There are 2 protein chains.
Amino acid sequence: MTYQSADASGKSLGTDVLRARPCPHNAAASCSNCRLSDLCLPIALNKSEIQQLDNIIERNRPLGKGEHLYRQRDEFRSVYAVRSGSFKSYTLTSDGKSRVTGFYMPGEILGMDGIGTRSHGVSTMALEHASICEIPFSQLERLSHQLPNLQSRFFAIMGNEIVKDQQIHTLLSSYTAEQRLASFLLSLSTRYARCQRSPDRFLLQMTRGDIGEYLGLTLETVSRGFSSLQKKAIISVKSREIAITDMTALKAILGD
Amino acid sequence: MTYQSADASGKSLGTDVLRARPCPHNAAASCSNCRLSDLCLPIALNKSEIQQLDNIIERNRPLGKGEHLYRQRDEFRSVYAVRSGSFKSYTLTSDGKSRVTGFYMPGEILGMDGIGTRSHGVSTMALEHASICEIPFSQLERLSHQLPNLQSRFFAIMGNEIVKDQQIHTLLSSYTAEQRLASFLLSLSTRYARCQRSPDRFLLQMTRGDIGEYLGLTLETVSRGFSSLQKKAIISVKSREIAITDMTALKAILGD
DNA sequence: GCTGGGTGTTGATTAAGATCAAAAAGCGAC
DNA sequence: GTCGCTTTTTGATCTTAATCAACACCCAGC
């Protein structure tokens with residue numbers, strides 16, 4: 001099997017190929033012909049249900065790198081599905097430092113932090129050129145009320161978000177720096193695999209600082225961690241390019 | 001205003017009063033006459049809707065201290081509302097250590113970690129004699145489909161859970177031990193206030209070890225932290241009894 | 001090409017909290 | 001009440017990652 005980012009050359013990590021197509025734009029104008037539909041909101045919906053969902057989704061202009069989708073304290077209107085590119089969500093702490101609460105890749109849902117409070121608890125920014133499906137929440141609620149499958153699906157999505165957050169809680173409260181990095185890379189790897197990209201060769205769209213803010217480490221520790229994993233021949237790093245060369249060893253870091 | 005745990009004596013923290021009624025049993029046989037109904041699932045529901053919700057809720061026998069409500073990997077069937085007492089949820093890490101993912105007090109909803117995966121991601125145990133309202137999830141879904149207000153309410157509850165988890169994420173990735181403890185005590189304080197109990201005088205139902213596992217600290221650090229806050233005259237600690245003597249200073253620890 | 005700001009690496013030192021250890025306190029069972 | 005267990009406190013030492021600092025890199029714009 002070959003992936004979009006695959007590269008025949010031995011030495012190089014395939015820089016230009018990775019650069020040229022960080023995550024290809026998904027030109028779908030509707031869920032029905034979107035290649036992410038089997039990992040996004042429409043899972044478990046039938047054709048007619050997808051059609052109705054399609055009708056409430058707004059497909060806005062793409063965002064450039066660094067552009068905000070919404071900001072902390074903005075009024076909550078919609079949840080969003082990533083169509084292409086990637087995003088980070090972050091908050092500012094009382095002393096002005098920022099902390100990353102999550103990274104989002106194609107097919108993933110974001111913005112659910114506003115559902116309960118009606119205002120966004122975090123800011124969300126594109127890490128690269130990216131496009132998004134906006135789902136106005138009042139309409140999603142109305143439609144969920146008509147389509148039990150959609151209601152069920154959205155409960156499941158929120159439940160999975162809760163599980164993911166609990167796993168991060170455990171990670172931050174007991175893992176070492178090296179374990180956190182291993183877990184982070186493995187998470188990216190599975191998520192890239194899910195959207196048909198190589199699970200062992202990818203380009204990080206976030207800085208070392210972003211990763212540190214997410215994992216509760218400083219950027220220096222993140223950098224040292226990558227260097228150390230490379231020295232152990234578990235990964236190969238060249239600035240933002242990561243290749244996982246020993247998946248078994250990487251998993252072993254998280255314990256038997 | 002006096003609270004259930006209030007105590008006239010000066011020196012003592014009021015041990016026996018606190019002991020005798022850690023959180024009084026809420027004898028409600030239905031949501032309609034439950035004194036927690038304005039902070040629990042029924043918020044925003046009208047009388048007839050509450051009646052219908054009541055019909056699907058199972059009020060089982062109370063649990064003793066240390067008893068499990070469900071265990072990690074159990075099949076997911078229900079979510080639960082705490083009626084009286086308190087609970088902790090925890091996971092076991094790969095190396096056998098346990099990590100606490102949350103504490104739950106009267107009026108709070110737990111068990112939502114199973115909604116997406118259909119199996120519980122954590123175990124949940126009563127920290128004291130406790131009673132619970134069990135809400136079979138398939139019936140909750142069915143009823144939510146009939147009652148838009150209930151659907152909306154449950155979306156909001158899950159959204160708030162996500163926000164809470166993100167706040168913990170930020171806390172664990174950037175706060176010092178002292179800040180984590182201050183934040184923890186303030187959280188308990190507001191939650192006690194919500195169920196009509198004293199916000200500045202309460203009994204911890206969990207061990208120092210539990211608190212440490214929740215906050216990503218060792219039990220020794222938790223103990224030292226309490227001692228240090230006491231030395232600064234911000235709180236008064238006598239084993240499990242906590243009195244917050246300087247609320248302003250406690251909040252100031254979290255930064256201006 | 002050069003220049004400059006953001007980004008990344010690496011080294012030296014420090015500090016916060018973990019770990020190891022021992023004793024005290026609290027509490028249930030008898 | 002005593003016994004035995006769990007929980008809590010406190011002290012001494014060790015370790016990990018933070019902090020401080022310097023330099024290298026990389027791409028964007030001129």
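Order of the sequence lines fixes the chain letters, A, B, ..., with proteins taken first and strands second; residue numbering starts at 1 for each chain. In this text the structure is predicted, and so the values were computed from the model without any measurement.
Each of D:dT8, D:dA17, C:dA18 was ranked by its minimum atom distance to the side chain of A:Thr221; first place goes to D:dA17. Side-chain proximity of A:Ser227 to the nucleotides C:dT10, D:dA18, C:dA18 is greatest for C:dT10. Among the nucleotides D:dT9, C:dT7, C:dT19, the one closest to any side-chain atom of A:Thr207 is C:dT7. In this structure, the nucleotide among C:dT9, C:dT7, C:dA18 sitting nearest to the side chain of A:Arg240 is C:dT7.
B:Ser86 OG to B:Met105 CE: the interatomic distance, rounded to the nearest 0.5 Å, is 7.5 Å.
Comparing the local axis fitted to the first five base pairs of the helix from C:dG1-D:dC30 to C:dC30-D:dG1 with the one fitted to its last five gives a bend of 40°, rounded to 10°.
The aromatic rings of A:Phe184 and A:Tyr214 are tilted relative to each other, their planes meeting at an angle between 30° and 60°.
The distance between atom CG of B:Asp210 and atom P of D:dT6, rounded to the nearest whole Å, is 15 Å. Rounding to whole angstrom units, CG of residue B:Leu215 and P of C:dG17 are separated by 12 Å. A straight line from CD of A:Gln205 to C1' of C:dG6 spans 16 Å, rounded to a whole angstrom. Distance, B:Leu203 CG to C:dC27 P: 9 Å, rounded to whole Å. Spacing between atom CD1 of B:Ile211 and atom C1' of D:dT7 amounts to 12 Å, rounded to whole angstrom units. Rounded to whole Å, the distance from CZ on B:Arg180 to P on C:dA16 is 13 Å. One atom, CZ of A:Phe226, and another, P of C:dG8, lie 10 Å apart when rounded to the nearest Å. In this structure, the CG atom of B:Leu217 is 15 Å from the P atom of D:dT8, given to the nearest Å.
Residue B:Leu219 is classed as a base contact, given a heavy-atom separation below 4.0 Å to a base. Contact annotation for A:Gly216: backbone-only contact, meaning every heavy-atom pair under 4.0 Å involves sugar-phosphate atoms and none involves a base.
Here the side chain of B:Thr221 pairs no donor or acceptor atom with the backbone of B:Leu217 at under 3.5 angstrom. Between the side chain of A:Arg59 and the backbone N or O of A:Cys133 there is no donor-acceptor pair closer than 3.5 Å.
Residue A:Arg224 places a side-chain atom within donor-acceptor reach of the base of D:dT19, judged by atom type and a 3.5 Å distance cut-off alone.
Taking 4.0 angstrom as the limit, B:Thr218 places none of its side-chain polar atoms (N or O) nearer than this to OP1 or OP2 of C:dG17. Side-chain N/O atoms of A:Ser223 include one lying less than 4.0 angstrom from OP1 or OP2 on C:dT9. Neither OP1 nor OP2 of C:dT7 sits under 4.0 Å from any side-chain N or O of A:Arg208.
Using a cutoff of 4.0 Å between basic side-chain nitrogens and carboxylate oxygens, B:Glu108 and B:Lys164 are not scored as salt-bridged. Taking a cutoff of 4.0 Å between a charged side-chain nitrogen and a carboxylate oxygen, A:Glu213 and A:Arg208 do not qualify as a salt bridge.
Sequence order on DNA chain D of the closest nucleotides to A:Glu178 and A:Glu220 puts A:Glu178 first from the 5' end.
Residues passing the ring pair (Phe, Tyr, Trp, His ring centres under 6.0 Å) test with A:Tyr175, sequence neighbours excluded: none.
With no hydrogens or angles considered, no side-chain donor-acceptor pair links A:Thr91 and A:Gln72 at under 3.5 Å.
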